[in-house]
Amino acid sequence: MPSIIDGSSPIGIFDSGIGGLTVVRELLLNLAGESLIYLGDTARVPYGTKSSRTVVRYSLSNAGFLVPKGIKLLVAACNTASAFAIPALRNECGLPVVGVIEPGAKKAASATKTGRVGVIGTSSTIKSGAYKKAVQEIDPEITVYSTPCPLFVPLADEGLNNNDIARLAAQRYLAPLKGSGIDVLILGCTHYPLLKSIIQEAIGEKVLLVDSAQETAAEIKGVLEKNDLANNGSAKPTTEFYLTDVSDTFIEVAERFLGREIEHIEQVDIGNNYG
Ligand code: DGL
């Protein structure tokens, strides 16, 4: 295990699969000086239909792969992992841990004028009530309306972001939120930023969409500065990608999520270091 952790150390990011690359994309745009190590647990995806216990166990084993690589900060880029595993990760890892829920909730709570916020996510994230809790911890007066949109994940994976099937699914899923008076909708899943335009169309132009990936990048910047861990050195930043399973279609889908080419991906077996 690398012994010295300082500003030049990489940021570790994990997700249940490739959706967390939407967070990596924001980090590459906004924190271009930082080195990144990404782990996608593609062998065990999806997390969004699994129980809390299993998601915590998987999240700890992902951390157990990344922490020994000498990372300075751990990012749970997966909303479902963030909903269940942040306390366990903070207990076990001994480093700053950032999830995607608090940043999204903060932005939504500050942006709403009607005091009504919508949240969409995987079935497990919505069932956990984590976004509702995070928003109401900031402002207990805000009413939160939540609904799961499970089909959005396979639609984004298949590249069906902007067609009639996705449009129909968005209309059906978002119908219960339409009459609720929400003026902000949190995209509480790694995949949903790819469906932004059909979600906006279905919920209406007046509703502000909060992209948790964008808010998380801003949060990470703040945490690095606060802990004096920003990379101020001159070494060229690097990005490494690891997956627990590499399928034939993976590279194409991953590049869609990342918005650019990926040169090298390594397949890894991860143990249960913490899990
Ligand atoms: N990464 C998951 C999330 O943000 C979506 C995919 C899955 O279900 O694992 O909740």
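One-based numbering, in listed order, for ligands and for the atoms of each. Below, all heavy atoms of this structure are taken into account, side chains as well, without hydrogens, waters or symmetry copies. In this chain, residues are counted from 1 in sequence order. What you see is a predicted model; the values in this text were computed from it and never measured.
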Looking only at protein heavy atoms, which one is nearest to atom 10 (O) of ligand 1, and how far off is it?
Thr80 OG1, 2.6 Å
Enumerated ligand 1 atoms positioned under 4.0 Å from heavy atoms of Gly48
7 (C), 8 (O), 9 (O)
Is a side-chain N or O of Lys72 found less than 3.5 angstrom from the main chain of Leu229, in a donor-acceptor match?
yes
Any N/O pair His191/ligand 1 closer than 3.5 Å:
no
Thr125 side chain to Ser128 side chain, donor-acceptor N/O pair below 3.5 angstrom:
no
In ligand 1, which numbered atoms sit nearer than 4.0 Å to a non-hydrogen atom of Val45?
9 (O)
Per-atom contacts, ligand 1 versus Asp15 - under 4.0 Å to a heavy atom
1 (N)
Does any non-hydrogen side-chain atom of Leu187 lie less than 4.5 Å from one of Val210?
no
Indicate whether any N or O donor in one side chain lies under 3.5 Å from an N or O acceptor in the other, for Tyr47 and Thr190.
no
N/O to N/O below 3.5 Å, does that happen between Cys78 and ligand 1?
no
Between Lys106 and the options Glu137, Glu219, Glu215, the side-chain hydrogen bond (donor to acceptor under 3.5 Å, both in side chains) test singles out Glu219
Is it true that a side-chain atom of Thr112 and a backbone atom of Ala108 form a donor plus acceptor pair closer than 3.5 Å?
no
Would you call the rings of Tyr242 and Phe65 parallel, tilted or perpendicular, where under 30° means parallel and over 60° means perpendicular?
perpendicular
Out of all atoms in ligand 1, which are within 4.0 Å of some heavy atom of Ser16? Include the element for each.
1 (N), 2 (C), 6 (C), 7 (C), 9 (O)
Using a 4.0 Å heavy-atom cut-off, say whether Asn79 meets ligand 1 through its side chain, its backbone, both or neither.
both
Is Thr49 close to ligand 1, meaning an N/O of one under 3.5 Å from an N/O of the other?
no
Does Cys189 have a non-hydrogen atom less than 4.0 Å from ligand 1?
yes
